[in-house]
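A quick write-up on the structure given underneath.
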Amino acid sequence: MNIIVCIKQVPDTTEIKIDPVKNTLIREGVPSIMNPDDKGGLELALQMKDKYGANVTVITMGPPQADLILREAFAMGVDRAILLSDRKFAGADTLATSYALAGAIKTLDYDLIIAGRQAIDGDTAQVGPEMAEHLGLPQVSYVIDAEREKNGNFIVKKENEDSVQTLEVEGKCVLTVLASAFEARYMTVAGIVDAYDKEVEVWGADKLDVDENKLGLKGSPTKVWQSFPKQLKAPGEVFEVSEEEAVEIIVKKLKEKHLI
Amino acid sequence: MDFSYSKTEELFLQMIRSFAENEVKPLAAEVDETERFPMETVKKMAKLGLMGIPVPRQYGGAGGSVQMYIMAVEELSRVCATTGVILSAHTSLCMAPILENGTEEQKMKYLPKLASGGWIGAFGLTEPNAGTDAAMQQTMAVDAGDKYILNGTKIFITNAAYADVFIVMAMTDKSKGTKGISAFIVEKGFKGFSIGKKELKMGIRGSATCELIFENCEVPKENLLGPLGKGFNIAMKTLDGGRIGIASQALGIAQGAMDETVKYTKERKQFGKAIAQFQNTQFQMADLKTKVEAARLLVRSAAWKKDKGLPYSADAAMAKLFAAETAMEVTTKAVQFHGGYGYTREYPVERMMRDAKITEIYEGTSEVQRMVIAGHLFK
């Protein structure tokens, strides 16, 4: 089985700050990470590799420094990594991004495509589903479990707001995955030692099966009209405990902050 | 001169930090409180290849550098010094002497099991009457044809209760002094070998520190490590390497206490403002930060020399001396900054202060480090 996983490098939004005067993101010093839902998708692919045997290829579109998340993917266990990097891709919205990714995927052999549900920097949740449309493939979003049947079909669990749906998908498809369902594995030490000895294939627009007029800014109908910061909340902590334990934890936390 | 981390090291740092934060830190207080060896953490480390970082691939290791290994000890110790020393003793004191002195057969027999973390390693040099004066070995090894018969006792042995393989020093010829000491590879199940009492300690309480007892213990001839009579040299060289590990442990403890103190002093308000805003806090913390960074450079430089195959004995001693004393100073002051809260077990700094003390004592006290450094200076 050949599995393709689409991943994206994003700023770690839990560490991001907003310039109070200009209302723009301060990107300096903010670490770049593999988007969490994409990492969940990569974990699903690697679990399938462990279970059924598979070749896992990761693809990302981004600037040259996105190389880092591809090295991380190598150290987690993927077999092949492709970086779509070309000035012609610059300024792409979700439509042009999904079009470029689909154009790259068309040139590859695959049985399954996995993407994260959404990226933490844009929160659109559009790239995966749009890619499925460009490729003319069935899609399941908000995936929390997937298994492969002997006939090549997939049995997929999809999380809705108040229920879980189980679907059977015939053959090739696109799944968009929730990070919460797939706790990503750590890189291994040997994987890290080897990561920079492997080749990241860098593809320009000319390698893709695309109409170049539909790439980048030219292919992007969405224009950003205004940006503003949302009210920032401190990242919360979730404890699944009994009521009595909950009271103890709350009191301890309030004491730690010297509020009581 | 390049002080930055390589790309591989950056990637490794990302992994080990997240591992320490998510898998090790949540257990640290409980491991200390209950004096429990964190076996589940060792198993997780084994799965990722952390138990064999600097061991070459042909012996089942990850093929990483000494630098990566000491980064792991630092990052683990930053949240749990017990976990840091388990890795350090296993790697520096057991696998390293086999790798550096073993025959091909010994390496093939022991390293794959140790590097994969299936087996845990330990090192036995210290005896009741041979501490800093390590040459006063009383454990005897007598040649009995196809085997050696060992008799004696070792004390304060890190990892002992859970270890499968021990590097043990014993006298093969008392008349020759240090040149009569030899090194042996002893397995847990060898006849006549047993683990004695477990020490109750001030710090690193999860690490199982015990006695080793040899009562007519039978060690096969092929388990002599290195040439006969070279055990003292092997032990001293092993400790040179071990000191880089302990220096990293001390550095990690110091960094962990810095992290906690920065966080606390920004939150804690007295006299209407965060105590981090007082100049006394700022000046003291600036001094501590400077010392921690200086310690880090000494540690990295010693590891760099070991990776390059350059002499590093004095460098390792300086790194350990300075990092250990820095850890003691930083953790003591961290408790002071936390005030009454710092003295309670609700905050980790009191544990860090207890953990820091051992770094001034084991694998050569600070006084021994000064002897080593002076020895190089005045030779």
Side-chain angles (χ1 to χ4, degrees), chain A residues 9-10 12 14-15 30-34 36 39 42-43 46 50 64-78 81 179 183-200 234-235 237-241 248-249 251-260, chain B residues 5-24 26 44-57 60-65 67-69 71-72 87 91 115-117 260 263-270 274-275 338-341 344 346-348:
Chain A
Q9 189 179 44
V10 292
D12 187 348
T14 56
E15 306 245 344
V30 178
S32 292
I33 57 169
M34 192 189 302
K39 208 166 178 175
L42 180 51
E43 177 59 30
L46 293 170
D50 294 343
Q65 54 270 33
D67 179 82
L68 182 66
I69 58 165
L70 299 174
R71 303 295 172 182
E72 184 182 352
F74 272 138
M76 287 170 73
V78 308
E183 197 186 326
R185 66 194 58 196
Y186 292 100
M187 296 178 260
T188 65
V189 184
I192 292 167
V193 172
D194 291 342
Y196 280 93
D197 294 334
K198 293 187 174 169
E199 189 206 355
V200 165
E237 269 184 277
V238 179
F239 298 92
E240 287 185 21
V241 291
E248 266 181 44
I249 290 171
V251 170
K252 186 170 171 256
K253 289 279 162 193
L254 291 174
K255 274 190 184 162
E256 270 177 23
K257 303 267 176 200
H258 308 288
L259 294 171
I260 57 173
Chain B
Y5 289 109
S6 71
K7 285 177 169 182
T8 304
E9 286 165 2
E10 290 273 5
L11 208 54
F12 182 69
L13 199 56
Q14 184 188 331
M15 180 276 255
I16 191 68
R17 265 199 190 145
S18 132
F19 180 82
E21 196 65 27
N22 298 320
E23 314 293 332
V24 183
K44 285 179 195 167
M45 293 202 295
K47 214 175 132 199
L48 298 174
L50 286 164
M51 297 299 278
I53 300 169
V55 175
R57 290 282 163 90
S65 58
Q67 199 69 250
M68 285 168 71
Y69 151 61
M71 288 163 77
L87 180 63
T91 307
S116 66
E260 291 296 331
K263 193 172 96 188
Y264 182 83
T265 53
K266 278 161 82 176
E267 280 172 3
R268 172 67 166 168
K269 287 194 173 66
Q270 289 288 274
I275 59 175
H338 281 69
Y341 290 104
T344 71
E346 278 196 39
Y347 286 84

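Only a predicted model underlies this, so the values are computations on that prediction, with no experimental measurement involved.
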Original post:
Between A:Tyr196 and chain B, which part of the residue has a heavy atom less than 4.5 Å away: side chain, backbone, both or neither?
Top reply: side chain
**OP:** With A:Lys257 as reference, evaluate B:Arg268, B:Glu267, B:Lys269 under the side-chain contact (heavy atoms from CB on, under 4.5 Å) test and give the passing residue.
**Re:** B:Glu267
Original post:
Which of the residues A:Leu68, A:Ile192, A:Thr188 is involved in the greatest number of heavy-atom pairs with chain B at under 4.5 angstrom?
Top reply: A:Ile192
**OP:** Could you go through the side-chain contact (heavy atoms from CB on, under 4.5 Å) check for A:Val189 and B:Met15 one step at a time?
**Re:** CA-CA 9 Å; A:Val189 184; B:Met15 180 276 255; 3.8 Å; yes
**OP:** Report the C-alpha separation of A:Arg71 and B:Lys7 in whole Å, then their side-chain angles, then the decisive distance to 0.1 Å, and conclude whether the side-chain contact (heavy atoms from CB on, under 4.5 Å) test is met.
**Re:** CA-CA 10 Å; A:Arg71 303 295 172 182; B:Lys7 285 177 169 182; over 6 Å; no
**OP:** Could you walk me through whether B:Ile16 and A:Met187 pass side-chain contact (heavy atoms from CB on, under 4.5 Å), step by step?
**Re:** CA-CA 9 Å; B:Ile16 191 68; A:Met187 296 178 260; over 6 Å; no
Original post:
Is any side-chain heavy atom of B:Phe12 closer than 4.5 Å to a side-chain heavy atom of A:Val193?
Top reply: no
Original post:
Do the side-chain N and O atoms of A:Glu256 and B:Tyr341 include a donor-acceptor pair separated by under 3.5 angstrom?
Top reply: no
**OP:** Any chance you could measure A:Phe74, atom CZ, to B:Leu11, atom CG, to the nearest 0.5 Å?
**Re:** 11.5 Å
Subject >> Options B:Glu23, B:Glu10, B:Lys44, ranked by heavy-atom pairs under 4.5 Å with chain A, top entry >> reply: B:Glu23
